[in-house]
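First comes the structure, then the notes that go with it.
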2 protein chains.
Amino acid sequence: MAKPVQTSEERPLDAIDQRLVRLLEEDGRMSNAMLAREAGIAESTCLVRVRSLRERGVILGIHADIDPAAVGRPVQAMIAVRFGGHRRSHFEAFRDEVPRLPGVIGAYHVSGATDYLVHVAAESADALRDFVLDHLTNRPGVLHAETALIFESLRGDGPLT
Amino acid sequence: MAKPVQTSEERPLDAIDQRLVRLLEEDGRMSNAMLAREAGIAESTCLVRVRSLRERGVILGIHADIDPAAVGRPVQAMIAVRFGGHRRSHFEAFRDEVPRLPGVIGAYHVSGATDYLVHVAAESADALRDFVLDHLTNRPGVLHAETALIFESLRGDGPLT
DNA sequence: ATTGAAATAGCGTCAAT
DNA sequence: ATTGACGCTATTTCAAT
């Protein structure tokens, strides 16, 4: 999951940075000591490099991955939202607000007939319908919202590098 | 992002568990000591509760969120895959293999005309096309793959609870 | 930028409740 | 299940390279 960002594509990561990224991708709570050991550098160096990776925006954050069903949101959906008119202000408002809508896991501004895909976890089918009506269909500029239930959602487990 | 899981929806989380989940969702590297302070419990208790949350599958994992562009994959796409025949074996094979395909961030088995949505980050437009041809279109059982470029991808930042 | 060392802080086991 | 205390390990700063 990524930032708004047009990351300035700084100089490419060296082998050690890549290693650190991969390790933290796999286990975001791995201790600095173990990271250093695995990467073959001193602990203090490791600290500096990981901080730098965060500052440079390579590591956007480290987050617990929560099972929505276990926290009362067993119904997941991907909602395809189409805008009418395509006024820039509509997109900007949507972009600013959609991450904070209740149950939103992610949202993707895409090319093609659909403008946005919104990944949401809801308490029930009823709650999902309410979400779509209240926050999407009802929104100025939105022409249509098409909801697809998610039967199963999988995380990529290969390293990105 | 969630597991295959049909989580047995154990007894609902109490207020402290919810707090811990929310804290780790926001900052997966928060120290046990600070977690305990924020949740108002002893450090040792906190350790036990977090372990339990993992064992119960509430916390699926803790992972660094990497900017794909910063690791050489600046082109993101959501690919809608449609299967023909809908043989169970095709779905099962796909489910097992798709998380390990290069650059796959996530995949969603959905209802409707599309069967799977595959979220991928590629090195270039060419590499994206190759990915689709090699791993999706070319796959037994796959009828069609429709690629939508992702202009921007946003993470939900409200708590799930 | 990387390092080792030293001081500080955190982790995790345990016996008790 | 929760706790405080204790021994151990990890983090982080810093002066030096």
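Remember, it's a predicted structure, so these values are computed and weren't measured experimentally. Protein chains get the first letters and strands the later ones, always in sequence-line order, with residue 1 at the start of each.
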Practice item. With heavy atoms under 4.0 Å as the rule, sort Ser31(A) into base, sugar-phosphate or nothing. Key: sugar-phosphate
Point to revise | Interatomic distance, Glu38(A) CD vs dA10(D) P [rounded to whole Å] | key: 13 Å
Practice item. Please check if the distance between the ring centroids of Phe83(B) and His144(B) is under 6.0 Å. Key: no
Exercise for review: Compare side-chain N and O positions of Thr45(A) against OP1 and OP2 of dT3(C) and report whether any pair is under 4.0 Å apart.
Suggested key: yes
Review point. From the list dG4(D), dT13(D), dT11(D), which nucleotide is the closest neighbour of the side chain of Glu43(A)?
Key: dT11(D)
**Study point:** Earlier contact from the 5' end, DNA chain D, for Met30(A) and Arg49(B)
**Key:** Arg49(B)
Review point. Should Asp17(A) and Arg56(A) be marked as a salt bridge (Lys or Arg N to Asp or Glu O under 4.0 Å) after you check the CA-CA gap, both sets of side-chain angles, and the distance that decides it?
Key: CA-CA 12 Å; Asp17(A) 283 336; Arg56(A) 285 186 281 164; 3.2 Å; yes
Point to revise | From dT13(C), dA1(D), dT3(C), nucleotide with atom closest to Arg51(B) side chain | key: dT13(C)
Exercise for review: Take the protein atom CD1 of Ile41(B) and the nucleotide atom P of dC11(C), then report the distance between them rounded to whole Å.
Suggested key: 13 Å
**Study point:** Given dG4(C), dA10(D), dT3(D), the nucleotide with the shortest approach to the side chain of Ser44(A)
**Key:** dG4(C)
Exercise for review: Round to a whole Å and report the spacing from CG of Leu13(A) to P of dA1(C).
Suggested key: 15 Å
Study note, to complete from the structure: Whole-Å distance, Arg56(B) CZ to dA1(D) P, equals 10 Å
Review point. Is the shortest side-chain N/O distance from Arg37(A) to OP1 or OP2 of dA10(D) below 4.0 Å?
Key: yes
**Study point:** Hphob cluster co-occupancy, Leu101(B) + Val118(B), side-chain heavy atoms under 4.5 angstrom
**Key:** yes
Practice item. Round to the nearest Å and state the distance from Asn32(B) atom CG to dC11(C) atom P. Key: 5 Å
Exercise for review: Run the ring-centre check on Tyr116(A) versus Tyr108(A) and record whether the distance is less than 6.0 Å.
Suggested key: no
Check your understanding: To the side chain of Leu47(B), which of dG4(D), dG12(C), dG10(C) is closest?
Key -> dG12(C)
